[in-house]
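The structure under discussion appears below in the form of structure tokens.
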Amino acid sequence: MNYKEIIEQLKDLVYKWDNIQQIADYIILAAVLWDCSDIHIEPLSSYVRLRYRLDGELREILEYQSFLHSGIIARFKILSDLKIDESRIPQDGRISKTIEGKSLDLRVSTLPTVHGEKVVMRIVDKSKTIPKLTELWIEWQNLDLVKKAIDLPNGIILTSWPTGSGKSTTLYSALTVLNKIGVNIMTLEDPVENQVDGISQSQVKPAIWYTFANGLRTALRQDPDIIMVWEMRDKETVDIAIEASLTGHLVLSTIHTNNASETITRILNMGVQPFLIPASVNGIIAQRLVKKLCTCKKQIPLSELWQETLSNIKNAINITSKTELSARVWDKLKSPTFYWPVWCDECDGNGYKWRVWLYEVLEITPWVKEMVLSGASAFNINKQAIKDGMISLEQDGIMKALNGLTSLEEVYRVSKTQKG
């Protein structure tokens with residue numbers, strides 16, 4: 001059966017108020033068959049809502065009556081080895097399943113709300129192979145800058161942007177390049193999403209004081225060459241990572257910021273001395289996922305209204321005059337072709353199927369270094385980085401739109417969320 005048939009059967013079971021165990025199983029099965037990333041079960045004032053996250057967007061699947069909720073939640077708690085009789089505090093657990101030949105981990109999180117317990121399950125397909133860097137849509141000089149950063153024997157490489165933007169995928173892809181016989185690689189993760197042969201991976205446990213900072217101190221006593229720290233959450237972790245990078249180690253990590261330049265000001269706001277950033281940071285990668293156009297896409301006619309948009313695009317590309325990207329885009333803009341989403345059965349009437357990455361890679365150039373040392377704002381650092389040749393998320397998105405991978409609507413939905 002496909003996911004549509006499973007959902008129809010799920011609706012029928014809910015309507016009949018029958019077989020709680022099968023309802024729970026079908027909730028998971030439909031999401032997996034549909035390639036969804038998350039399952040949301042949300043109690044509201046008079047009913048419970050089931051939603052799936054597909055290609056970054058939440059879609060409502062069905063609603064059911066509130067009296068069924070306690071049984072369904074109990075079933076998921078049993079599967080994830082959580083306390084059934086505890087509903088006052090959040091709980092975290094894990095369900096391991098094999099569906100359609102896929103080895104899956106479902107990370108289960110419960111949260112008490114005013115209307116009952118909310119459950120969110122993140123679906124991790126362990127059978128998927130880690131993509132190569134060249135398969136992540138890192139293009140132009142961005143790929144050269146990333147390769148240059150990971151080829152250095154020491155320093156820090158940071159990926160930034162919110163949860164769900166694929167930062168961990170980029171880090172794992174970089175680790176597969178670095179994973180060699182003569183190299184000792186250690187990771188501190190929360191949780192360990194992908195197990196990689198040849199790498200020592202450890203999951204932090206803050207509840208017993210095994211934090212990123214404590215784990216990083218211990219890792220440095222394990223004779224590492226490369227360390228991946230899942231997230232820079234506090235000054236203590238950042239200080240230890242900087243010290244490690246300055247003493248011959250390559251450190252990879254993530255940080256939550258709006259764009260690459262804001263990563264610098266975020267670190268400075270943690271209390272790090274400005275001179276340590278140019279000395280330790282090899283590069284900062286900001287990324288976002290945008291929806292990929294389905295094959296049913298349709299070419300946009302260039303109307304008069306479009307000329308204003310075209311002018312804005314040319315202005316965005318004209319910011320950077322030192323890149324190969326600029327020359328290529330200007331050539332394409334002589335006779336541009338953009339597309340918009342249509343609807344077909346393949347994309348379930350959405351116009352998009354799957355997602356692609358947009359990237360910007362900030363290199364610490366001599367001019368950026370001067371701005372960091374002088375205490376410049378994130379806006380001015382970003383402006384200088386683009387002047388020095390950095391491809392912004394907007395520019396990368398425009399090129400991908402010109403190549404028919406995504407729509408301009410998607411590019412601007414994502415790239416305009418960054419400030420400055």
Side-chain angles (χ1 to χ4, degrees), residues 136 138 141-142 145-146 148-150 152 154-171 174 188 212-213 216 227-246 250-289 357-396 414-420:
L136 296 181
I138 308 177
Q141 78 248 29
N142 281 346
L145 290 173
V146 172
K148 177 183 174 182
I150 65 177
L152 294 172
N154 63 287
I156 299 175
I157 301 168
L158 291 169
T159 61
S160 70
W161 217 274
T163 301
S165 57
K167 301 184 299 295
S168 58
T169 301
T170 301
L171 288 182
L188 298 165
F212 285 118
L216 187 49
I227 305 172
M228 184 182 80
V229 184
W230 202 241
E231 188 180 337
M232 297 286 193
R233 292 181 179 173
D234 51 66
K235 183 179 185 296
E236 187 179 14
T237 306
V238 173
D239 285 343
I240 300 169
I242 289 174
E243 183 180 346
S245 72
L246 295 175
L250 184 64
V251 180
L252 291 78
S253 189
T254 72
I255 191 167
H256 289 286
T257 56
N258 283 322
N259 58 28
S261 58
E262 284 190 14
T263 299
I264 293 175
T265 55
R266 169 79 186 277
I267 295 172
L268 291 173
N269 289 338
M270 287 182 179
V272 174
Q273 293 297 318
F275 71 89
L276 289 172
I277 294 177
S280 60
V281 176
N282 294 352
I284 301 170
I285 306 166
Q287 59 187 82
R288 280 299 293 264
L289 284 164
W357 279 273
L358 304 186
Y359 286 94
E360 66 180 23
V361 183
L362 191 153
E363 183 182 20
I364 308 295
T365 63
W367 296 274
V368 169
K369 176 182 176 180
E370 287 298 319
M371 298 200 76
V372 173
L373 295 177
S374 64
S377 66
F379 175 82
N380 288 327
I381 291 172
N382 187 67
K383 195 173 178 180
Q384 182 62 52
I386 292 175
K387 186 177 179 181
D388 291 345
M390 182 182 80
I391 299 172
S392 69
L393 284 164
E394 181 183 0
Q395 292 169 332
D396 192 36
V414 167
S415 64
K416 290 303 183 184
T417 58
Q418 60 177 327
K419 299 175 183 178

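The figures here come from the full heavy-atom set of this structure, side chains too, leaving out hydrogens, waters and symmetry mates.
To the nearest 0.5 Å, atoms CG (L158) and CZ (R266) are separated by 10.5 Å. Atom CD1 of I267 sits about 12.5 Å away from atom CD of E262, to the nearest 0.5 Å. Atoms CD and CD1, on E394 and I386 in that order, are 8.5 Å from each other to the nearest 0.5 Å. A distance of 7.0 Å separates CZ in F212 from CG in L188, rounded to the nearest 0.5 Å. T159 contributes atom OG1, which lies 10.0 Å from atom CD of E231 (distance to the nearest 0.5 angstrom). Distance check: M232 CE to D234 CG gives 9.5 Å after rounding to the nearest 0.5 Å.
Formation of a donor-acceptor pair under 3.5 Å by the S253 side chain with backbone atoms of V229 is found in this model. Listed for the Q384 side chain is no donor-acceptor partner under 3.5 Å among the backbone atoms of I381.
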Donor-acceptor pairs are to be reported for all side-chain atoms of residues 276-283 against protein atoms at under 3.5 Å, with residues two or more places apart or in another chain.
| from | atom 1 | to | atom 2 | distance (Å) |
| --- | --- | --- | --- | --- |
| S280 | OG | L276 | O | 2.6 |
| N282 | ND2 | A149 | O | 3.3 |
| N282 | ND2 | N154 | O | 3.0 |

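Taking 4.5 Å as the limit, every side-chain heavy atom of D388 sits out of range of all side-chain heavy atoms of E363.
Heavy-atom minimum distance, Q395 versus I391: OE1-CA, 3.4 Å. The two residues N382 and S261 make their nearest non-hydrogen contact at CB-OG, 3.3 Å. The minimum heavy-atom distance linking L362 with A260 is given by the pair CB-CB, 3.7 Å. When all heavy atoms of Q141 and G389 are compared, the closest pair comes out as NE2-O, 2.5 Å.
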Assess whether side-chain contact (heavy atoms from CB on, under 4.5 Å) is satisfied between V251 and I242, documenting all intermediate values. CA-CA 8 Å; V251 180; I242 289 174; over 6 Å; no
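A donor-acceptor contact under 3.5 angstrom links the side chains of T170 and Q287, judged on distance only.
Remark: V361 engages N142, L145, V146, I285 in a side chain to side chain contact (heavy atoms under 4.5 Å, CB included) (not counting sequence neighbours).
Shown here is E243, whose CD atom has no more than 12 heavy atoms of other residues, nucleotides or ligands within 6.0 Å.
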